[in-house]
Amino acid sequence: MTKLLFIWYKRSKGILEGGGQCSMRNFNSLCEIVGADNIVSFYVHDEYKEKSILDYLCGAVFFLFNYFYGLSPRRLRKLLEDAYQYDYIFIDRSVFGLIAKKLKLSGYNGKVITHFHNVESVYFDALLPKWLPGRSVLLHAVNKNDEYACRYSDEIIVLNNRDKSILCQKYAPSCRITSIPIALSDRFDEEQINVVQTRKCPICLFFGSYFTPNNQGILWFVDNVLPHVNIEMKIVGKGMDKLKADSPKLQSIDVVSDAPDLSPYLNEADIIVLPIFSGSGMKVKTCEALMYGKNILGTKEAFEGYDLDFQKLGGLCNNAEEFIMRINDFVDNPRPHFNTYARQMFVKNYSHEAVKQLFVDFLK
């Protein structure tokens with residue numbers, strides 16, 4: 001009987017962000033394949049535990065030895081003691097590449113699989129401010145963990161071919177890397193399909209958590225696009241009240257923070273706008289917009305890893321002029337509020353059921 005140990009970043013509570021949703025996709029897929037009773041979870045970081053000053057100081061020291069995101073020598077020893085009873089070790093984030101290294105060097109003979117949510121060295125380089133004290137130490141630890149993941153894992157999963165190409169160039173041209181795109185369990189209620197046309201003053205929704213690329217993108221949109229179009233702008237996302245509090249330009253915009261359910265806002269919106277200009281991996285918000293059958297205007301980065309006809313979807317917009325032109329076209333030429341093509345692409349390529357077979361192939 002196959003036994004699998006699934007290594008999570010943390011035991012989450014509340015609203016799952018994009019990375020958490022991808023982790024849950026991985027876990028649920030594996031549960032369906034090998035059986036939930038045959039999977040054991042190992043949490044590197046417990047969100048419910050209050051951290052002391054000593055915990056933070058120890059964590060800072062551990063970074064120097066490439067222990068990342070709450071991983072410690074004690075937790076790693078515990079994991080290595082338990083590892084031999086499992087046929088597979090699934091490491092859900094490449095920032096724990098050190099685990100793959102220690103497993104293989106300790107003689108573990110099972111199969112180690114590491115999932116790259118992003119090329120983390122690229123992701124954190126864009127995420128961390130240039131002025132941040134210790135930035136070089138953090139980036140070195142991230143880079144080494146990506147390297148360890150590639151060198152010591154038996155199999156690598158990435159979300160798109162761009163990440164695969166970067167990993168091959170930087171770390172391991174010969175390692176086994178498979179692209180499995182982001183996918184979500186279908187939460188859309190088709191009884192909510194709205195057969196009306198988009199409004200003459202369309203509701204444009206940006207949704208995403210308080211996070212540097214999201215913050216930069218929406219503030220850019222408000223500065224460069226919003227003054228030139230006739231729309232009703234809404235922003236919904238975990239922690240976005242912080243962005244509104246720090247940004248006078250958002251005071252007149254409807255910002256909803258920590259909404260327990262995004263579906264009312266997604267169902268209401270005429271257009272989803274995704275002005276994302278940096279990052280790695282794939283954007284979960286794009287997948288959610290497809291699930292709900294939305295008209296989407298997004299940048300190349302927002303659509304990275306997706307195989308879509310942008311004309312049918314809404315439009316590819318990489319600068320202010322393109323966003324303005326596409327939005328004005330919606331204003332002048334209303335079209336169906338529900339985008340059937342977007343919904344079809346989700347069901348066919350980016351739903352949980354569509355990608356589950358790829359995980360089956362992985363465990364053969």
Side-chain angles (χ1 to χ4, degrees), residues 2-12 19 22-23 26-27 30 34 38-47 49 51 54-124 134 136-158 163 166-168 170-178 362-363:
T2 299
K3 298 286 289 184
L4 186 147
L5 181 66
F6 191 97
I7 299 175
W8 302 76
Y9 159 43
K10 64 182 178 180
R11 189 191 306 272
S12 297
C22 187
S23 298
N26 293 342
F27 182 76
L30 293 169
V34 305
N38 298 315
I39 296 184
V40 172
S41 293
F42 180 94
Y43 295 96
V44 171
H45 173 72
D46 193 332
E47 194 174 73
K49 179 186 175 184
K51 282 190 173 183
L54 180 61
D55 289 328
Y56 284 107
L57 290 174
C58 288
V61 173
F62 293 156
F63 268 120
L64 298 172
F65 300 94
N66 303 320
Y67 289 84
F68 204 79
Y69 260 19
L71 186 64
S72 67
R74 178 183 59 81
R75 285 179 177 264
L76 185 52
R77 283 195 300 271
K78 170 62 176 170
L79 191 152
L80 294 176
E81 289 171 2
D82 296 341
Y84 293 92
Q85 60 187 297
Y86 300 99
D87 305 292
Y88 296 91
I89 307 289
F90 191 98
I91 304 172
D92 186 61
R93 293 182 184 241
S94 62
V95 289
F96 303 129
L98 183 62
I99 294 174
K101 176 183 177 180
K102 295 296 186 180
L103 283 167
K104 289 302 183 181
L105 294 183
S106 69
Y108 173 74
N109 291 319
K111 193 171 188 177
V112 176
I113 302 169
T114 299
H115 180 266
F116 278 72
H117 286 246
N118 311 278
V119 178
E120 300 291 0
S121 54
V122 174
Y123 173 82
F124 276 92
S136 61
V137 174
L138 294 174
L139 290 180
H140 179 268
V142 172
N143 185 68
K144 294 304 292 184
N145 275 281
D146 273 0
E147 178 187 341
Y148 295 152
C150 288
R151 182 183 300 178
Y152 294 101
S153 300
D154 297 291
E155 301 277 1
I156 299 292
I157 300 175
V158 296
D163 289 4
I166 293 172
L167 292 181
C168 287
K170 291 188 69 172
Y171 305 115
S174 61
C175 67
R176 299 184 63 183
I177 304 178
T178 299
F362 230 80
L363 296 179

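Values below: all heavy atoms of this structure, side chains included; hydrogens, waters and symmetry mates excluded.
- In this structure S41 satisfies the side-chain hydrogen bond (donor to acceptor under 3.5 Å, both in side chains) test together with W8, sequence neighbours excluded.
- The backbone N or O of E155 lies less than 3.5 Å from no partner atom in the side chain of R176, so there is not a single donor-acceptor pair.
- Note that OH of Y88 is 11.5 Å distant from CD1 of I39, once rounded to the nearest 0.5 Å.
- Salt bridge status for E81 with R77: absent, with no side-chain N to carboxylate O gap under 4.0 Å.
- To the nearest 0.5 Å, the span separating CG on L30 from CG on N26 amounts to 6.5 Å.
- Formation of a donor-acceptor pair under 3.5 Å by the S153 side chain with backbone atoms of C150 is not found in this model.
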Stepwise side chain to side chain contact (heavy atoms under 4.5 Å, CB included) test for S121 and K170: CA-CA 10 Å; S121 54; K170 291 188 69 172; 3.0 Å; yes
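- The closest side-chain heavy-atom distance from N143 to Y171 is below 4.5 Å.
- Looking at L4 and N38, their side chains never come closer than 4.5 Å, going by heavy atoms from C-beta outward.
- Annotation: side chain of H115 is in contact with side chain of C22 (closest heavy-atom distance under 4.5 Å).
- By the side chain to side chain contact (heavy atoms under 4.5 Å, CB included) test, N118 is found to be paired with E120, Y123, S280, residues two or more places apart in sequence or in another chain being considered.
- The closest donor-acceptor contact from the side chain of S72 to the backbone of R75 lies under 3.5 Å.
- Scored by the side-chain hydrogen bond (donor to acceptor under 3.5 Å, both in side chains) test, T2 finds no partners at all (sequence neighbours excluded).
- Listed by first and then second residue, the salt bridge (Lys or Arg N to Asp or Glu O under 4.0 Å) pairs involving residues 86-99 amount to none (not counting sequence neighbours).
- Between F90 and the choices F96, F6, F42, the ring pair (Phe, Tyr, Trp, His ring centres under 6.0 Å) rule is met once, by F6.
- Under the salt bridge (charged side-chain N to carboxylate O under 4.0 Å, His left out) criterion, D82 pairs with K78, sequence neighbours left out.
- Here the straight-line distance linking atom CD1 of I156 with atom CD1 of I113 works out to 9.5 Å at 0.5 Å rounding.
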Full working for side chain to side chain contact (heavy atoms under 4.5 Å, CB included) between F116 and D163: CA-CA 9 Å; F116 278 72; D163 289 4; 5.7 Å; no
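- Residue pairs meeting the salt bridge (Lys or Arg N to Asp or Glu O under 4.0 Å) criterion with at least one member in residues 95-104, sequence neighbours excluded: K104-D154.
- Residues I99 and Y152 are not in side-chain contact: their nearest non-hydrogen atoms beyond the backbone lie 4.5 Å or more apart.
- At a threshold of 4.5 Å between non-hydrogen side-chain atoms, the residues P73 and Y67 count as touching.
- Contact check for T114 versus I157: no side-chain heavy atoms found under the 4.5 Å cut-off.
- At a threshold of 4.5 Å between non-hydrogen side-chain atoms, the residues I177 and C168 count as touching.
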Worked verdict on V158 versus T178 for side chain to side chain contact (heavy atoms under 4.5 Å, CB included): CA-CA 6 Å; V158 296; T178 299; over 6 Å; no
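- A distance of 10.0 Å separates OH of Y84 from CD1 of I89, quoted to the nearest 0.5 Å.
- By the side chain to side chain contact (heavy atoms under 4.5 Å, CB included) test, N66 is found to be paired with H140, A141, K144, N145, Y148, residues two or more places apart in sequence or in another chain being considered.
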